[in-house]
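Taking it in order: structure first as structure tokens, then the write-up.
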Number of protein chains: 2
Amino acid sequence: MTTTTGQVPATARRRAPSMADVAREANVSGQTVSRVSNGRDNVDAATRDRVLAAMAKLGYRPNSAARALRTGRFRSIGVIMFTLSSFGNMRTLDAITTAATDAGYSLTLIPVPHPTKGELSVAFDRLADAAVDGVILIIEAHLLDESDVELPGGLPVVIVDSSGDERFPAIDTDQAHGARLAVQHLLDLGHETVWHIAGPGRSYSATRRREAWAATLAEHGAEAPPALEGDWSTESGYELGLELAANPAVTAVFAANDQMALGVLRAMHESGRAVPGDVSVVGFDDMSESSSFWPPLTTVHQFFGEVGRRSVEALLHEVEVGERRDDSLVDVELVVRQSTAPPRA
Amino acid sequence: MTTTTGQVPATARRRAPSMADVAREANVSGQTVSRVSNGRDNVDAATRDRVLAAMAKLGYRPNSAARALRTGRFRSIGVIMFTLSSFGNMRTLDAITTAATDAGYSLTLIPVPHPTKGELSVAFDRLADAAVDGVILIIEAHLLDESDVELPGGLPVVIVDSSGDERFPAIDTDQAHGARLAVQHLLDLGHETVWHIAGPGRSYSATRRREAWAATLAEHGAEAPPALEGDWSTESGYELGLELAANPAVTAVFAANDQMALGVLRAMHESGRAVPGDVSVVGFDDMSESSSFWPPLTTVHQFFGEVGRRSVEALLHEVEVGERRDDSLVDVELVVRQSTAPPRA
DNA sequence: CGGGGAAATGTTTACGTCAACATCTCGCGT
DNA sequence: ACGCGAGATGTTGACGTAAACATTTCCCCG
């Protein structure tokens, strides 16, 4: 019936309305629509209203591809991480998402199914044609070091991990301080020494915790038993816990994360060793379930939210200002619950 | 030395190389570069090699904004979800990410900090200028129903939840079957009836589980005690568990998720009620920690991976083929561990 | 009452890619 | 020898936006 716009039944509409459509509807130039769309203030109030009305009427949505092409910015940050299984990574991702959103950036997730160099390369390739202004790496930085993978040139990168790598700023929890707090607590309770279930050796975080554990023992003249090495999983904590339970000399255990600590608790229960009566257990992370473990777990609280926030801050600073931020360490807090007590006399 | 390209020191390079740069370097037309870049087969092998070499030399990366602008496709899907806290959502997100990546799509995360209608609108607005071809909603669909929010027109949507909403296909775990399995198991062990700690009423999943619980009891002529309502958190399970522990008539509890079940376990321990001796407890989810709870938790295993995969499949089918998929229910499995036993005679 | 200038608005163009179409180069059959 | 067609490659233009620059309007001040 009407002639101008080549009307189509609403159900069959093909093309989303563009700036030009809005401009026509509001009887202004495209540029004015652009100005309204971007919230510039040099537009007459009446004009602005007219444009906004036209936008609403047509259901206009700016085409982000065109915008990105024009501006060279995607307003999106990429996060590369291993499968989301780990509790800490989840929380960090959550905080990153929130921080990025608040800053007006969207967030693109780039998974790495297996933590191998090859897979990492694949992820970086994906990254290459992903539409992001910068990248946060939540991976065990170790891999990066070994890796000859070329990170896409010119793309700002922030690493969430303790890294030896100098190429990029690293944001991390103060692993060493946390471990120190945990060991100190156990020693203060009167334990002769503290056994340790470490995380996998390829993880810098695990290494930091383990080193701080050993150092703290040494400072107090306590003899360090051999460290056991788990893989962060509850199961590995359980199996290693069974070993410890069988050794009557063990009175205090520091597990490198809460999940392994949970495994240790189970192992102790099954072996008839009372916690904290016979054996005290400390974890690391303070996952939300830890307060309901049996017994409620004494652990080192990580402020994942803060880590996430700082990562985004550092990355966006580099993206927008072009200035690299320094490394940053987020403090930690010991939460004493009921899995620790003085050794039985 | 060379003349053509207006060389800049590598450190100061401003602009990423474009197709035109590669074309010049390889001495072909831009279109040929495009063809190589998109893996078309109608390019001579020698030419292809030359182009690939030029790409490698210049570090060429296709500009996804330009590509998206030209093709009208972003090759990205959006996921709207509440803060990542919940275990199940995490796992689902993980699977979605993997499935999307395998299909060559990237994934954009759009968080909703608080599950209110207002926040949901904000998320949808964000979505509007996000560069996605379709959306997966991991939210309690309830909100959608109440909400007058207009979803961006023409954007395919899939909901991960049991939804009454007919507007979009829903993919979900078979909540009812899971609850039925749990209650049945307890009844089979000889318990007279089963108490229930439900999830929040606004959640369809919680409602489904609760209804199935009630229905199963009714079918067996068991009297249904009043359902308690938690908020999925360990804490709420603990508090409600304390109530149940104080009631000597309680011998079997079905908690609507593992975290609340963990809270119940703690409450029972603290109240001196043996699990499973005095009280049997069943959860729902089968989180990775559940096998190490004390006692290891009998629970309903959800196949989150399958849910995620099917969601992506359904969404991409609609995006690429334009055909809506039917609702889909993912089956479930009862995992019997050590938190359940016949009632004490 | 005229001129200067700020504010509002319009016009032109380029961002990098890919579809559509145009052209070119061969090999092969008759 | 010639022409035809298939495959390889080149040319042109448009996607929707925003920066840069151009133009218009109108208010204020001397």
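Quick caveat, the model's predicted, so the values are computed rather than measured. Throughout, a chain's letter reflects where its sequence line sits, starting with A, and its residues are numbered from 1. FYI, side chains are in, hydrogens and waters are out, and symmetry mates aren't considered; it's all heavy atoms of this structure.
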Can you measure [X] atom [atom1] to [N] atom [atom2] for me and round it to whole angstrom units?
X      : N       : atom1 : atom2 : result
Y60(B) : dG16(C) : OH    : C1'   : 8 Å
R24(A) : dG16(D) : CZ    : P     : 11 Å
L69(A) : dC18(C) : CG    : P     : 12 Å
D49(B) : dA8(D)  : CG    : C1'   : 15 Å
N63(A) : dC15(C) : CG    : P     : 18 Å
R67(A) : dT17(C) : CZ    : P     : 21 Å
R48(A) : dA7(C)  : CZ    : P     : 15 Å
R50(A) : dA8(C)  : CZ    : C1'   : 12 Å

Return no unless some side-chain N or O of R70(A) is found under 4.0 Å from OP1 or OP2 of dA19(D).
no

Under 4.0 angstrom between T47(B) side-chain N/O and dT9(D) OP1 or OP2
yes

Quick one: list whatever passes side-chain hydrogen bond (donor to acceptor under 3.5 Å, both in side chains) with N38(B), sequence neighbours left out.
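If we apply the side-chain hydrogen bond (donor to acceptor under 3.5 Å, both in side chains) test to N38(B), skipping adjacent residues, the hits are R67(B).
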
Residues that R50(B) engages under side chain to side chain contact (heavy atoms under 4.5 Å, CB included), provided they are two or more places apart:
A26(B), N27(B), V28(B), T47(B)

Strictly by modelled atom types, are T108(B) and S106(A) linked by a side-chain donor-acceptor pair under 3.5 Å?
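T108(B) vs S106(A): no donor-acceptor pair found between side chains.
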
Can you name the nearest heavy-atom pair linking [X] to [Y], along with the distance?
X       : Y       : result
D133(B) : R75(B)  : OD2-N, 2.6 Å
E318(A) : V157(A) : OE1-O, 4.4 Å
F168(A) : D327(A) : O-OD1, 4.3 Å

Strand-adjacent residues in residues 27-45 of chain B, judged by heavy atoms under 4.0 Å from DNA chain C
Q31(B), S34(B), N38(B), R40(B)

